[in-house]
Asks: 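Below is the structure I would like to discuss, written out as structure tokens.
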Amino acid sequence: MAVAVSIPSSLLPLRVEGLVKRFGELTAVNGITLELQSGECLGLLGPNGAGKSTLIRSIVGRIIPDAGTVSVFGDPADSAGARMALGWVPQELALYPKLTCRENLESFGQFHGLRRDELKTAVDWCLDWAALTDRADEPVQHLSGGMKRRLNMAAGLIHRPKVILMDEPTVGVDPQARNRIFEMIENLRGEGVSMIYTTHYMEEAERLCDRIAIIDHGRIIALGTKDELVRNAFASRSEVLARFAKTDDSVAAWVKERGGILENGIARFTIDHATEITGLLDSAVSAGHELADISLRKPNLESVFLQLTGRELRD
Amino acid sequence: MPIVRTALIALRRDRGALALSFILPIGFFSIFAVIFGGQRDTTPKVSVLVVDEDHSAASESLVRGLEREGSLSVKRRPVSKQGAEQPEYTAATAEAALKGGTAPVALIIPSGYGKNPISFGAPQPNQPTIQLLKDSSDMIAPQVIAGLLQKVAMTSMPDIMAEQGSKYLDEYAGGFTPEQKRRIDAGLEELRKRESAESSGQEAAPADSNRGMPIPVTTRDVVGENKNNKMVSFYAAAIGVMFLLFTASGAGGSLLDEAESGTLDRVLSSHVTMGTLLAGKLCYCVLLAFSQLVLMFTWAWLVFKVDFLGHIPGFVVMGLSTAFAVGAFGMVLASICRTRAQLGPLSTLVILLMSSIGGSMFPRYFMSEAMQKAGLLTINAWAIDGFTKVFWRDEPISHLWPQVLVLLAVGIVLCAIARRLARRWEYS
């Protein structure tokens, strides 16, 4: 029989317990508890407005929660030790546009209390990591969007934190620049840092994260590895996607009757065996619904989210 | 039409901009209307120190006449201290008070004045004449006093006028014999010559510009008499302070830029606290403002020959005090506003209002007493007064304590307000 071993909180890079944050009537974070293991990348996956950024800002001390605690290696989040251990990459481009890349990094390094000798090493490392060494003396306002994003990330790492909080670092970035950012994060992971990565892109969470917490309406509704999440939601079942030539109320009623979910003109059904597709097809034909196409696939994180919330991830 | 509609909707949604567009101009206009429109009932009074060394009937009549003038505020002794009446001004104490800025003009009625109080034509040799001591920084008051002095002489001393007239008649006419007629003609000719010489600029003694008036007056500058350019140092301070306020508001506005871009959040997530951040911004504002003042006075020294190098210690004391108050003012403005868009118009309105009543646009002695008192609610007035003491009155640094104290106190209070208002950025 397996015995659960609790890790001392002083060894845990990050521990959030019972965190609640309300803005008036809106409860943005509703009792979230999570632990970040050493060297782990934990993805926070959820649609816009799910409470991801509020959770991150609470951890980094920019929001005072109404309830709950945050500790970093056992220290309260607002302690000097925690501040030094935490690195935050905000969603916004929080940079000084008129300063150069180097000057920005130097400024943020000084704000974190780096000494002069530490500062030079850290700035050079950041410029190299963000592949901005050749643009080091360029004012930020003259950089491309992707470069600004990379510098924005580097500025959050200038003090070489052990725990990194990345809040949707690929927002507004084209696919090529996004791939560059993924490589940067993978390089960073190779150095053994612990990381929380928020996104509403399923493929980012799947590629970068060891575990994924699915957040909706301020709550974690599922937590685990991708396989665990899929297995818990679907077991060994598969997903059938069916698109109809014409979608109307009668189609919606038929999908509901068959236990499926209709979203954006596509009906989703879960089946235990592939042979069940024949039954679905026969039923659609007898009900007079013309199918445009039908496919069978293994469920993914988006399927999990839909299964758990009844909504698509990008709603 | 769609463009107009879109702009109107955007304006309606931005309550701050809406208020600035319609409510603030009305408020600003109303403030000016109240302040300047009310001057009709509060005619500015000119302060004058009067020293009667003669104590004759004529001199006392003259002083009483001056005291009855509604537009004058005659002071014969300093303000009572702790209920104890101070001794009357003497020529020396009045001059010292004038140098200290108590009043812009002093009249010294010399001993022996009463023997021959009024002259028609040139004063007699060795005739004691009234001395008008003036502070040249006030260009209006000495002229007002000089004119009113003559008016008072004509209206408040009828007996003396008659007596003097008969004396002159006796001296020059005496029954209008041919000889008398000749002397009158000669006298008139002399007057004509003098008039002609004065009008062609040949008069060599501007200090005796009241020659020919019933009461001869000798005018003397006791403040600013050796200055190269009388008003330049005043305007260097006045304009300088106004632009310092604009600079500080712009520098403080960087807080709003950082808040809007998210940089402020990132900074505050580091070791930097809001207190440290505000202190850093304040230091930057003070440094910037002080540099501006240095530049302004260096320019005044190089181009307009203001004696900057001779007043460096006083300048540093006043410059740093002013820069501190102004920097804190910039912090408060930025902390009050939610966006840059709000800061622009609000700071312009507040700074123009402060500058107009605080003496940056025109000297405060042009204003009514009430307005001059209202001006003391502004940073401009205290800063200008301090710089005037340094550059105009050549006063020692120790005399700057009221201005320095007020500016530092204002700065500290504004800093505390800014710190309180900045709590909204500290945490969500």
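Below, chain A is the first sequence line, B the second, and so on; all start at residue 1.
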Asks: What residues of residues 148-155 of chain A make heavy-atom contacts with chain B at a cutoff under 4.5 angstrom?
Replies: A:N152, A:A155

Asks: Only heavy atoms, only distances under 4.5 angstrom. Which residues in residues 86-98 of chain A are near chain B?
Replies: A:W88, A:V89, A:P90, A:E92, A:L93, A:A94, A:L95, A:Y96

Asks: How long is the gap from CG on A:D137 to CZ on A:R102, to the nearest 0.5 Å?
Replies: 5.0 Å

Asks: The criterion is salt bridge (charged side-chain N to carboxylate O under 4.0 Å, His left out); which residues satisfy it with B:R340, sequence neighbours excluded?
Replies: B:D257

Asks: Check the surroundings of atom NE2 in B:H271: do more than 12 heavy atoms from other residues, nucleotides or ligands lie under 6.0 Å from it?
Replies: yes

Asks: Are A:E118 and A:R160 close enough for a salt bridge, meaning some N to O gap below 4.0 Å?
Replies: no

Asks: Go through the structure and list residues passing side-chain hydrogen bond (donor to acceptor under 3.5 Å, both in side chains) with A:E168, not counting sequence neighbours.
Replies: A:K52, A:H200

Asks: Need one label for A:F108: side chain, backbone, both or neither, based on atoms under 4.5 Å from any heavy atom in chain B.
Replies: side chain

Asks: Any donor and acceptor pair, going by atom type alone, linking the side chain of A:T33 with main-chain N or O of A:G18 inside 3.5 Å?
Replies: yes

Asks: For A:R219, does the CZ atom have more than 12 heavy-atom neighbours from other residues, nucleotides or ligands under 6.0 Å away?
Replies: no

Asks: To the nearest 0.5 Å, how far apart are NE2 in A:H142 and OG1 in A:T100?
Replies: 11.5 Å

Asks: Salt bridge between A:R189 and A:E186, side-chain N to carboxylate O under 4.0 Å?
Replies: no

Asks: With respect to B:F315, which candidate in B:L293, B:L309, B:L320 satisfies the side chain to side chain contact (heavy atoms under 4.5 Å, CB included) definition?
Replies: B:L293

